[in-house]
Amino acid sequence: MIPQITVLDVGGQYCHLIARKVRDLGVYAEVAASDTPAAELKGRKGIIISGGPASVYDPSSPTIDAAVLASGIPVLGICYGQQLMAHLLGGKVEKGERGEYGFAQMEPVKTDSLLRGVSGKQQVWMSHRDQVATPPEGFDVIASTATCKAAAIADPKRGLYAVQFHPEVVHTACGPQILENFVMQIAGCVKDWDPAGQLAAVEDQIRHAAAGRNVFFFVSGGVDSTVAYTLCLKALGADRVHGTYVDTGLMREGETEFVRENFSGLGAKSFEVEDAREQFLNALEGLTAPEAKRHAIGEEFVRVQQRILESEHYLDGQWVLGQGTIYPDTIESGGTAKADLIKTHHNRVAGIQKLIDEGKIVEPLASFYKDEVRAVGRQIGLPDALLDRHPFPGPGLAIRCLCSEESGVAEVMPEGWKLPVRSVGVQGDSRTYRAALAIPEFPASDEEAASLINRMENINRIVVKVWTADEMTKMQAVPSFLTGERLDRLRHADAIVRKITLESGFDNDVWQFPVVLIPFGTPGRPDSVVLRPIYSVDGMTASAVRMPDALLAQIVIELRAVTGVGGVFYDITNKPPATIEWE
Ligand code: XMP
C-alpha cells in the first residue's frame, strides 16, 4: 500500500507516533529515512519532517533532500523538522536563551489553514532548546509562545508549514486538529485506512514470524505481555504456545499470586512459574548505573530462557521466544536509525537483539502503543482486571530503587535544595542524567513548575519535600546498592501507597503511579520514598498529577512507620523533561 503521508525520520522520539496519529485519522502513513530522495516520494500527498535530538549547525546532523521542499507536495516540519526546514530555506536558527520542556502556552497570531479551528491560548507540549529566530522568506509567524516567537510558521503559497511544538503528543490538546488540518485540508488526503481493523493482520504476522515453530513466552502479568501472549494463543493454538512467569524478586507485592490466579483462565495448556529471585539479585549485585542495571536484567532473562529451552521439554529446537515489546520500548532503546538512547528496555538488550537477528523472536505488538494494546486486548475479550492495570516496567522495582556509589548532602539553592541523587530524563529528544531539585512547597500552578525547571541548568526533575526525618541540610546520601533489604523496603512502601490509592479511588485518576526509593536519608533511615503519580495515554509524554492533601497526609503517616524510610518527596515533573521512571 502506498502511503499518502510519509514521515521523514530525523531521529525524533515521537517520529513513529506522528505516523500513528495520521493513521488514526484514517489515512495510511509510513515512516521513511530522512535522506529518502525526493524522486522516491513522488505520489505522496503530504510529507512530515519529524523532530530529532540534533542541532542544524552540527555538521553531522541529519538532513533531508532539499528538493522535497520544492516538489510542490505540502510539507509540515515538526520541532527539529521546523528548524531544518528554516535552515535549508535560508532562515535563521539559534540556541534559545533557555530550553522549553513540557508544558507551554501557545497563542495564534495570524489566521492560517494549519490553525483552522484553533483559537485563543492553547496548551502545547515542547521539547527544545534551539529555535527558529528568523523564518525564511515567504513565511509568516502564525503562532507564538512566551519563549518561542516562531511556535508555528507558514508559507501557504509553497505549501510549507512548520511548528516548534509537538502536535502528535496527547498533551498538545489542539494537536489532532492541527494534524487533521494538514493531512485532510492542506494535503487533501482521503480516508483509506481502518485503525480498528488490524487484528486479523496481527494474527497473520504471528503465524508468519513463527513459521511453523512453537512460541515460548515470558509473561509478566502486565498488559503488554498478556495481550501478546493471548494473541499467540489465538493465532497458533494452545498446543503451540507455552507461557512462563519468571519471579525475578523485582516484582510488586502479591504479583506472583495474581498471575497464578489470572492466567489459568486464558486458555493455555501449559503455564509455569519459575523462581529466579536469587539469580537476579546476584546479577545486580554492586551495580549502580541505570543502564548497567537494565542490561544485567535483560541478559538474565536470556539466561533463564536458555536454561528452560535446554531442559528436556524443549529439546526439539522448534521454539522461538515471544515478547510483549511495544513501540516505545524500541524507540527509547535508541532502536531506530537516528534516535537517542533514553533507556534500554529489558527486551532490547544484546542477547535479545541476537535472537531477533536470527529470526527467533515473535513480537506481535512491536508497532503498537499502550492505548492501542489495551484496545486490542478488549477486542479479543481479555478481562478488565488484566487490561486496566497500571503499566509496570519489565525490569520491575530494580529501576525504581535508585543506587549510587557516591556520598553527598543536599546543596542549598535559592529555590530549595539540589539533591545528591541523579535520575534519567529526556530533553530535546536526548537522554539526560541529572540531579533533582527539592522545593519546600507545591508551586501555585503547572506553569510555575514548568518555568522553574526551564530556568535551571543541570536539573531534570523537581520534587516537593513533603516530610523528612531531619532538616534537609542534615540529610545525606551514602553508597547504596540493590540489596534484598532495600528491595523489600521499596516493595513495602509501594504496597502501602497502592492500598491507599486503590481504596480512595485515586488509582483511577492516574495512568501510572511509580513509587521510587532514593538513597537519601539519615543514618538510621537511609532512604526516602518519592511519589510519582502521572497522567498519560501512551507513556510517550506525561504530566504529573497532584493528589488531594488529605490522601497525601494519610500516605505520609504510613510511610513514616516503614523501617529505614527517612523522607517522602512528591515528583511534580512532566515528561519531558523527566521520564516517568527514575531509574
Ligand atoms: P519512561 O520512564 O521512559 O517510561 O518515561 C515510559 C513507560 O514505559 C515503561 N517502561 C518500561 N516498560 N520495559 C517495559 O516493559 C521496560 O524496560 C520499561 N522501561 C520503562 C514505564 O513504566 C512507563 O510506563
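Read the numbers this way: they start at 1 and go in the same order the structure lists the ligands and their atoms.
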Is it the case that more than 12 heavy atoms not belonging to Asp446 sit under 6.0 Å from its CG atom?
no
Return yes or no for this condition: an N or O of Glu583 is under 3.5 Å from an N or O of ligand 1.
no
If you take all heavy atoms of Ser127 and Val426, which pair is closest and at what distance?
OG-O, 4.4 Å
Atom 19 (N) of ligand 1 - nearest protein heavy atom and its distance
Arg294 NH2, 2.9 Å
Salt bridge (charged side-chain N to carboxylate O under 4.0 Å, His left out) with Asp494: which of Arg489, Lys499, Arg252?
Arg252
Evaluate ring pair (Phe, Tyr, Trp, His ring centres under 6.0 Å) for Phe218 paired with Tyr245, printing each intermediate quantity in order.
CA-CA 6 Å; Phe218 278 141; Tyr245 166 86; 9.9 Å; no
In this structure, are over 12 heavy atoms from other groups packed under 6.0 Å from Gln105 atom CD?
yes
Going by the atom numbers of ligand 1, which of them fall below 4.0 Å from some non-hydrogen atom of Gly539?
6 (C)
Evaluating non-hydrogen atoms only, which member of Arg400, His345, His390 is closest to atom 18 (C) of ligand 1?
His345
Of all the heavy atoms in Pro328, does at least one lie under 4.0 Å from an atom in ligand 1?
no
Relative to the ring of Phe520, is the ring of Phe569 parallel (under 30°), tilted (30 to 60°) or perpendicular (over 60°)?
tilted
With the threshold set at 4.0 Å, does a side-chain nitrogen-carboxylate oxygen contact exist between Arg431 and Glu583?
no
Taking heavy atoms and a distance under 4.0 Å, where does Trp582 meet ligand 1: side chain, backbone, both or neither?
neither
Lys370 heavy atom under 4.0 Å from ligand 1
no
Can you tell me the protein heavy atom closest to atom 3 (O) of ligand 1 and the distance?
Glu332 OE1, 2.5 Å
Checking a contact table here: which protein heavy atom is nearest atom 14 (C) of ligand 1, and how many Å away?
Gly394 N, 3.3 Å
Near Pro395, which atoms of ligand 1 are under 4.0 Å from a heavy atom of that residue?
13 (N), 16 (C), 17 (O)
Write out the residue and atom name of the closest protein heavy atom to atom 12 (N) of ligand 1, then the distance separating them to 0.1 Å.
Pro393 CA, 3.5 Å
Can you check which of Gln13, Lys343, Gln323 brings a heavy atom nearest to atom 2 (O) of ligand 1?
Lys343
Should we count CD of Glu285 as having more than 12 external heavy atoms under 6.0 Å?
no
Can you check whether Ile399 has an N/O within less than 3.5 Å of an N/O in ligand 1?
no
In the protein, which heavy atom is nearest to atom 21 (C) of ligand 1, and how far is it?
Glu581 OE2, 3.4 Å
Hey, is ligand 1 close enough to Ile580 that some N/O pair sits below 3.5 Å?
yes
Taking the basic N atoms (NZ, or NE/NH1/NH2) and the acidic carboxylate oxygens, is any pair closer than 4.0 Å for Glu457 and Arg129?
yes
Does Asp329, backbone or side chain, put an N or O under 3.5 Å from an N or O of ligand 1?
no
Counting heavy atoms only, which of Arg532, Gln512, Lys575, Met540 is nearest atom 23 (C) of ligand 1?
Gln512
Does atom CZ of Arg378 have more than 12 heavy-atom neighbours from other groups under 6.0 Å away?
yes
Would the distance check show the side chain of Ser536 and the main-chain N or O of Gly539 forming a donor-acceptor pair, the cut-off being under 3.5 Å?
yes
